[in-house]
Amino acid sequence: QVQLVESGGGSVQAGGSLRLSCAASGSTYSLTWMGWFRQAPGKEREGVAAIYTVDGSTYYADSVKGRFAISQDNAKNTLYLQMNSLKPEDTAMYYCATNFFVRIRNWARTDEYKYWGQGTQVTVSS
């Protein structure tokens with residue numbers, strides 16, 4: 001079992017920055033993919049960014065490329081999402097997710113991930 005706890009959300013004005021954290025605990029030694037997803041009211045949950053922990057490869061949704069950066073601190077079992085140049089359309093609940101799979105079809109699909117956190121709210125005002 002793996003437990004994920006997100007933190008770092010909040011309210012910020014457009015153009016501002018936030019850094020989200022996701023602390024993992026439990027059987028973390030064999031985690032492979034770790035990702036950030038978001039869900040706005042009335043919309044489906046969408047993939048924001050992911051990292052393949054085996055080699056550090058990172059992946060981003062087109063909407064956040066150049067503004068967001070995903071990273072990991074293996075010593076602390078923590079995943080981060082640095083969000084810069086935030087826009088009102090980034091407003092959503094942000095979730096951390098992970099799995100043990102080596103091969104997946106699409107990092108942005110929610111069904112590729114087995115464990116999920118409870119989420120942290122990000123609100124960007126114009």
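Hydrogens, waters and symmetry mates play no part in the numbers below; they use all other heavy atoms, side chains included. Note that the structure is a prediction, hence the values are computed from the model and not measured.
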query = So Tyr113 and Phe37, would you call those rings parallel, tilted or perpendicular, with 30° and 60° as cut-offs?
reply = perpendicular
key: Side-chain touch Thr53/Thr98, heavy atoms, less than 4.5 angstrom   = no
Worked check of side chain to side chain donor-acceptor pair (under 3.5 Å) between Asn84 and Ser17 = CA-CA 4 Å; Asn84 300 324; Ser17 298; 2.9 Å; yes
query = Do the side chain of Glu112 and the main chain of Arg105 share a donor and acceptor less than 3.5 angstrom apart?
reply = yes
inquiry  = For Phe101, is there any backbone N or O sitting under 3.5 Å from a side-chain donor or acceptor partner on Thr32?
reply    = yes
ask   = Centroid-to-centroid, Tyr60 to Trp107, below 6.0 Å?
value = no
query = If you group Ile, Leu, Val, Met, Phe, Trp and Tyr by side-chain heavy-atom gaps below 4.5 Å, do Val64 and Leu18 land in one group?
reply = yes
key: Test: Lys87 and Asp90 ion pair at under 4.0 Å   = no
ask   = Would you find a donor on one side and an acceptor on the other, under 3.5 Å apart, between the side chain of Glu6 and the backbone of Gln118?
value = yes
ask   = Any side-chain heavy atom of Trp36 within less than 4.5 Å of one from Ile70?
value = yes
key: Minimum-distance pair of heavy atoms, taken over all atoms of Ser27 and Phe100   = O-CE2, 3.4 Å
Steps toward side-chain contact (heavy atoms from CB on, under 4.5 Å) verdict (Tyr115, Gln1) = CA-CA 8 Å; Tyr115 302 102; Gln1 288 291 331; 3.6 Å; yes
